[in-house]
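Data first, discussion second: the structure below is written as structure tokens.
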Amino acid sequence: MTTFLSSQYWTDRYQQQQTGWDIGSPSYPLKQYLDQIQDKSLQILIPGAGNAHEAQYAYESGFSQVHILDFSAVPLEHFKQNCPKFPTAQVFHQDFFHHQGNYDLILEQTFFCALHPEQRMEYVQKMHSLLKPSGKLVGVLFNREFEKAGPPFGGSAASYQSIFEQYFDAVSIEPCYNSIPPRTGSEVFIQIALPKQHQ
């Protein structure tokens with residue numbers, strides 16, 4: 001039996017084309033955020049990237065140091081076919097929690113909600129370790145609960161605030177004004193920065 005939320009679980013979802021989280025294009029909020037950045041040399045990570053529409057957009061917009069990571073090899077192979085000039089050394093088929101690196105910017109798009117809620121504190125701790133002292137975690141989280149068992153797993157802005165504040169000094173969580181229409185009113189835009197110094 002496939003272990004719940006394992007690499008094989010996600011591979012099966014891709015192979016069966018059960019990918020409701022994939023909107024087929026870059027997320028509006030992240031696209032517009034990237035459009036405002038002048039420094040194209042930033043070291044960027046997109047974990048749980050899937051088909052990585054945001055990574056392709058960023059790379060083709062001049063961001064040369066974009067790195068993508070996914071638990072399943074299937075979407076990464078799709079991405080390589082769709083964006084053949086993207087450096088293969090910046091593509092990681094890996095468990096996010098085993099990844100090592102230091103980034104100026106980490107983009108969050110339907111990754112947090114794919115993890116079991118019991119992993120959320122571990123997610124925050126890992127983000128803390130991957131960000132440079134001046135780095136930022138930016139992206140979109142669901143601000144709602146779901147009737148069906150996840151994934152996706154929902155939550156509230158207040159619950160997110162409480163866990164991020166344990167590891168970061170600057171936590172901004174605001175209603176997302178530019179969600180795609182099906183998600184209007186059910187998302188928050190996060191900007192997390194200034195990792196605290198933990199002993």
Side-chain angles (χ1 to χ4, degrees), residues 21-23 25-71 75-76 79 83 85-115 120 122-142 157 160-161 163-180 187-198:
W21 62 85
D22 188 332
I23 63 175
S25 61
S27 161
Y28 297 164
L30 293 187
K31 177 181 180 293
Q32 292 181 19
Y33 182 83
L34 288 167
D35 287 343
Q36 299 173 41
I37 299 175
Q38 299 297 318
D39 184 359
K40 299 299 178 72
S41 68
L42 293 180
Q43 294 282 339
I44 301 174
L45 174 68
I46 306 178
N51 289 312
H53 305 294
E54 293 77 19
Q56 182 169 354
Y57 178 79
Y59 187 72
E60 292 176 351
S61 298
F63 292 93
S64 61
Q65 297 300 317
V66 182
H67 302 74
I68 64 172
L69 179 154
D70 204 274
F71 215 8
L76 297 179
F79 174 79
C83 193
K85 294 183 180 179
F86 192 90
T88 57
Q90 293 167 208
V91 177
F92 299 94
H93 174 214
Q94 188 180 26
D95 184 332
F96 165 73
F97 296 106
H98 296 162
H99 184 65
Q100 300 296 319
N102 287 107
Y103 297 94
D104 300 296
L105 176 64
I106 301 179
L107 298 179
E108 165 59 55
Q109 172 64 22
T110 66
F111 176 53
F112 181 90
C113 69
L115 299 172
R120 288 181 175 175
E122 187 180 2
Y123 167 102
V124 173
Q125 293 169 341
K126 187 62 180 178
M127 287 297 183
H128 179 275
S129 74
L130 290 172
L131 284 169
K132 296 179 181 180
S134 59
K136 295 179 81 172
L137 167 63
V138 174
V140 180
L141 302 179
F142 281 115
Y160 304 150
Q161 189 93 25
I163 59 172
F164 280 113
E165 285 182 342
Q166 295 183 47
Y167 281 84
F168 293 89
D169 285 324
V171 179
S172 171
I173 301 178
E174 302 290 342
C176 188
Y177 68 86
N178 53 358
S179 300
I180 62 172
E187 293 183 317
V188 289
F189 190 75
I190 64 167
Q191 296 188 69
I192 314 294
L194 300 177
K196 291 181 178 179
Q197 297 302 311
H198 281 73

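Using a 4.5 Å heavy-atom threshold, the side chains of I106 and M127 count as touching. Two residues are said to be in side-chain contact when any heavy atoms from C-beta on lie closer than 4.5 Å; V140 and V188 fail this criterion. With contacts defined as side-chain heavy-atom distances shorter than 4.5 Å, the pair I46/V66 qualifies. Taking 4.5 Å as the limit, every side-chain heavy atom of L105 sits out of range of all side-chain heavy atoms of L131.
For residues 50-61, the set of pairs meeting the salt bridge (charged side-chain N to carboxylate O under 4.0 Å, His left out) definition, not counting sequence neighbours, is empty. Among pairs with a residue in residues 90-106, those fulfilling salt bridge (charged side-chain N to carboxylate O under 4.0 Å, His left out) read D104-K132, at least two apart in sequence or across chains.
Remark: I68 CD1 to Q94 CD distance equals 12.5 Å, nearest 0.5 Å. The distance from the CG atom of L141 to the CD1 atom of I190 is 4.0 Å, given to the nearest 0.5 Å. Taking CZ of F92 as the reference point, atom CZ of F71 lies at 16.0 Å (rounded to 0.5 Å). Atoms CD and CD1, on Q161 and I163 in that order, are 10.5 Å from each other to the nearest 0.5 Å. Note that the CG atom of L130 and the CD atom of Q43 stand 12.5 Å from one another [nearest 0.5 Å]. To the nearest 0.5 Å, atoms CD (Q109) and NE2 (H53) are separated by 9.5 Å.
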Can F96 and F111 be said to form a ring pair (Phe, Tyr, Trp, His ring centres under 6.0 Å), step by step?
CA-CA 10 Å; F96 165 73; F111 176 53; 5.1 Å; yes
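Note: Y160 and F112 meet the aromatic proximity criterion, with ring centroids under 6.0 Å apart.
Partners of S129 according to the side-chain contact (heavy atoms from CB on, under 4.5 Å) rule, which considers only residues two or more places apart in sequence or in another chain, are K126. Partners of A193 by side-chain contact (heavy atoms from CB on, under 4.5 Å), not counting sequence neighbours, listed by chain and number: K136, A170. Judged as a side-chain hydrogen bond (donor to acceptor under 3.5 Å, both in side chains), and not counting sequence neighbours, the contacts of S41 are D39. Every residue two or more places apart in sequence or in another chain that forms a ring pair (Phe, Tyr, Trp, His ring centres under 6.0 Å) with F79 is listed here: F86. Taking the side-chain contact (heavy atoms from CB on, under 4.5 Å) definition, one finds that P87 meets it with Y59, Q90, sequence neighbours left out. Qualifying ring pair (Phe, Tyr, Trp, His ring centres under 6.0 Å) partners for Y28, counting only residues two or more places apart in sequence or in other chains: none. Every residue two or more places apart in sequence or in another chain that forms a salt bridge (charged side-chain N to carboxylate O under 4.0 Å, His left out) with K31 is listed here: D35. For Y103, the ring pair (Phe, Tyr, Trp, His ring centres under 6.0 Å) partners at least two apart in sequence or on another chain are H67, H99. For S61, the side-chain contact (heavy atoms from CB on, under 4.5 Å) partners two or more places apart in sequence, or in a different chain, are Y57, F63.
Between L34 and A58, the shortest heavy-atom contact is CD1-CB, 3.9 Å. The shortest heavy-atom contact between E108 and L30 is O-CD1, 3.9 Å. Nearest approach of G48 to D70, heavy atoms of both residues: C-OD2, 3.3 Å.
Note on ring orientation: taking the six-membered ring where Trp is involved, the planes of Y33 and F189 are tilted (angle from 30° to 60°).
Residues N178 and Q32 have side chains that bring a donor and an acceptor to within less than 3.5 angstrom of each other.
Proximity of a side-chain donor or acceptor of H128 to a complementary backbone N or O of F168 within less than 3.5 Å is not detected.
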